[in-house]
*Asks:* 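One structure, pasted below without further comment.
Note on naming: letters A, B, ... go to the chains in the order of the sequence lines (proteins, then strands), and numbering restarts at 1 for each one. What you see is a predicted model, and the numbers here were worked out from it, not measured in a lab.
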Amino acid sequence: MPELPEVETTRRGLMPHVTGHTIKQIIVRNAKLRWPIPTTLDMLAQQQTVQNLSRRGKYILVHLNAGTIIIHLGMSGSLRILDSSTPAGVHDHIDIVLQNNFCIRMRDPRRFGAVLWAEGDPFNHPLLVNLGVEPLTDDFSGDYLYALSRHRRSAIKSFIMDSHHVVGVGNIYANEALFHAGIHPELAAGKISRARYAKLAFAIRTTLEKAIIAGGSSLRDFVGSDGAAGYFQQQYFVYGRTDLTCHTCGQLIRHLRQNQRSTFYCASCQKK
DNA sequence: ACATCTACCTGGAGGC
DNA sequence: TGCCTCCAGGTAGATG
């Protein structure tokens, strides 16, 4: 599942093949993603040169002179660089074809992803304007989480997964970061001390950073071979490890549901 | 203002 | 073998 580390790894993988190249054409085979791909996208992007590729949360931004293509991979999306003559599979919904006849091809079996156009400053786009802080910047800290969480009754896991607070923390990394911080996922966000938030912010940051490093070394090349870019398999401490032993204390990892999402934790390492 | 729920979609796993 | 049900996931938008 593309969480922030996968999105960042994708961005870094695509960057050298795309920056400075000019878009020849955009081919939309299936516009029905989470929101319809704008019918004007081809017209808007044609002959535009890619200035830069950036990321905000889990959104990849393709910066052009006239505007920005905003891409979200949803939960099953992937991007690859392919020769545009490569036959498209059933779930290959859109190609951004470059003048050199390579293309960025988006595959998204579950179609939770999105490809949109932003005029002007893309950070003012409705999808981006209300996003919280980036977890890998200096703005993100234990003090930030502490201040934001006062008097909040929602569970800490829901709190850190809310992109209005901090972006890029999906279910996997929320579980993992809470384990590393020793915080029980059901604890009310407003009842957590400043000191524990410092540990949590550190855990979120380092868990994401380690995954980006692991992704950079293990992810197969973004260019060439057909098929979706394989997302890297991490060694998880709690995620998906129900009834397996905790690597730290040997107790069995427990499973519960919060907001229709699976939560995994070690009751001995993660205290209320 | 905040908290919780629903909807979107499809492939894969497990049960019968 | 085939059908059915459930689950996974991000997150905007609706609802409480």
*Asks:* Can you tell me which residue among L44(A), I69(A), V97(A), I104(A) is in a side chain to side chain contact (heavy atoms under 4.5 Å, CB included) with I23(A)?
*Replies:*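 Among L44(A), I69(A), V97(A), I104(A), the one that satisfies the side chain to side chain contact (heavy atoms under 4.5 Å, CB included) with I23(A) is I69(A).
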*Asks:* With sequence neighbours excluded, what pairs up with H63(A) under the ring-ring contact (aromatic ring centres under 6.0 Å, His included) test?
*Replies:*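 For H63(A) there are no ring-ring contact (aromatic ring centres under 6.0 Å, His included) partners, ignoring immediate neighbours.
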*Asks:* Taking CG from D108(A) and P from dA8(C), how many angstroms apart are they, rounded to a whole number?
*Replies:*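 Roughly 19 Å, once rounded to whole Å.
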*Asks:* Provide, to the nearest angstrom, the distance between the CG atom belonging to L33(A) and the P atom belonging to dG10(C).
*Replies:*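 The answer, rounded to whole Å, is 17 Å.
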*Asks:* Sub-3.5 Å donor-acceptor pair from the side chain of E6(A) to the main-chain atoms of E3(A), do we have one?
*Replies:*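 The answer is yes, because a donor-acceptor pair under 3.5 Å joins these two groups.
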*Asks:* Locate the shortest heavy-atom distance separating L252(A) from D243(A); write the atom from each residue and the value.
*Replies:*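 For L252(A) and D243(A), the tightest heavy-atom pair comes out as CD2-O, 3.6 Å.
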*Asks:* Between the two end axes of the helix from dC2(B)-dG16(C) to dC16(B)-dG2(C), each built from 5 base pairs, what angle do you get to the nearest 10°?
*Replies:*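 Inter-axis angle at the ends, rounded: 50°.
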*Asks:* Do the side-chain N or O atoms of H72(A) get closer than 4.0 angstrom to the phosphate oxygens (OP1, OP2) of dG10(C)?
*Replies:*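 No, no such contact exists.
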*Asks:* If you count every heavy atom of other residues, nucleotides or ligands that lies below 6.0 Å from F202(A) atom CZ, does the total exceed 12?
*Replies:*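 It does not: F202(A) CZ has 12 such atoms or fewer within range.
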*Asks:* In residues 147-160 of chain A, which residues come under 4.0 Å of DNA chain C by heavy atom?
*Replies:*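 Per residue number, the list is empty: none.
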*Asks:* Is the ring pair F264(A)/H255(A) parallel, tilted or perpendicular, if the boundaries are 30 and 60 degrees?
*Replies:*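 It falls in the tilted class, 30° to 60°.
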*Asks:* With a 6.0 Å cut-off (strictly less than), is the heavy-atom count around CZ of R153(A), excluding the residue itself, greater than 12?
*Replies:*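 It does not: R153(A) CZ has 12 such atoms or fewer within range.
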*Asks:* With a 6.0 Å cut-off (strictly less than), is the heavy-atom count around CZ of R56(A), excluding the residue itself, greater than 12?
*Replies:*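 Check passes, neighbour count above 12.
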*Asks:* Given side chain to side chain donor-acceptor pair (under 3.5 Å), test T207(A) with E176(A) step by step and report yes or no.
*Replies:* CA-CA 7 Å; T207(A) 306; E176(A) 292 294 294; over 6 Å; no
*Asks:* Whole angstroms only, please: what is the CD1-P distance between I60(A) and dG10(C)?
*Replies:*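 Going from I60(A) (CD1) to dG10(C) (P), I get 15 Å.
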*Asks:* Are the side chains of E134(A) and D139(A) in touch, meaning some heavy atoms are under 4.5 Å apart?
*Replies:*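 Result no, sub-4.5 Å side-chain heavy-atom pair not found.
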*Asks:* Identify the heavy atoms of E119(A) and A66(A) that sit nearest to each other, and give their distance.
*Replies:*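 Taking E119(A) first and A66(A) second, the nearest heavy atoms are OE2-O, 3.4 Å.
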*Asks:* So which of residues 253-262 of chain A are in contact with DNA chain C, with a heavy-atom cut-off of under 4.0 Å?
*Replies:*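 R257(A), R261(A), S262(A), in order of number.
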*Asks:* List, with names and distances, any nitrogen or oxygen atoms from the protein found under 3.5 Å away from nitrogen or oxygen atoms belonging to nucleotides 12-16 of chain C.
*Replies:*
{"from": "dA12(C)", "atom 1": "OP1", "to": "Y59(A)", "atom 2": "OH", "distance (Å)": "3.2"}
{"from": "dA12(C)", "atom 1": "O4'", "to": "R34(A)", "atom 2": "NH2", "distance (Å)": "2.8"}

*Asks:* Can any side-chain N or O of Q258(A) pair as donor or acceptor with the backbone N or O of P185(A) at less than 3.5 Å?
*Replies:*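 Between the backbone of P185(A) and the side chain of Q258(A) there is a qualifying donor-acceptor contact (under 3.5 Å).
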*Asks:* Round to a whole Å and report the spacing from CG of L4(A) to P of dG10(C).
*Replies:*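 About 12 Å, once rounded to whole Å.
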*Asks:* More than 12 heavy atoms of other residues, nucleotides or ligands under 6.0 Å from CG of D138(A): yes or no?
*Replies:*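 No, CG of D138(A) has 12 or fewer neighbouring heavy atoms, counting only those of other groups under 6.0 Å.
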*Asks:* Using distance alone, with no hydrogens and no angle criterion, decide if S54(A) and N52(A) have a side-chain donor and acceptor under 3.5 Å apart.
*Replies:*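 No donor-acceptor contact under 3.5 Å links the two side chains.
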*Asks:* Tell me, please, the opening and closing nucleotides of DNA chain B, 5' to 3', among those with an atom under 4.0 angstrom from a non-hydrogen atom of chain A.
*Replies:*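 Range of nucleotides within reach of chain A: dC2(B) to dG11(B).
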*Asks:* Could you check whether any side-chain N or O of R150(A) sits under 3.5 Å from a backbone N or O of G190(A), counting only pairs where one atom can act as donor and the other as acceptor?
*Replies:*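 Indeed, once roles are kept as given, a pair shorter than 3.5 Å links the two residues.
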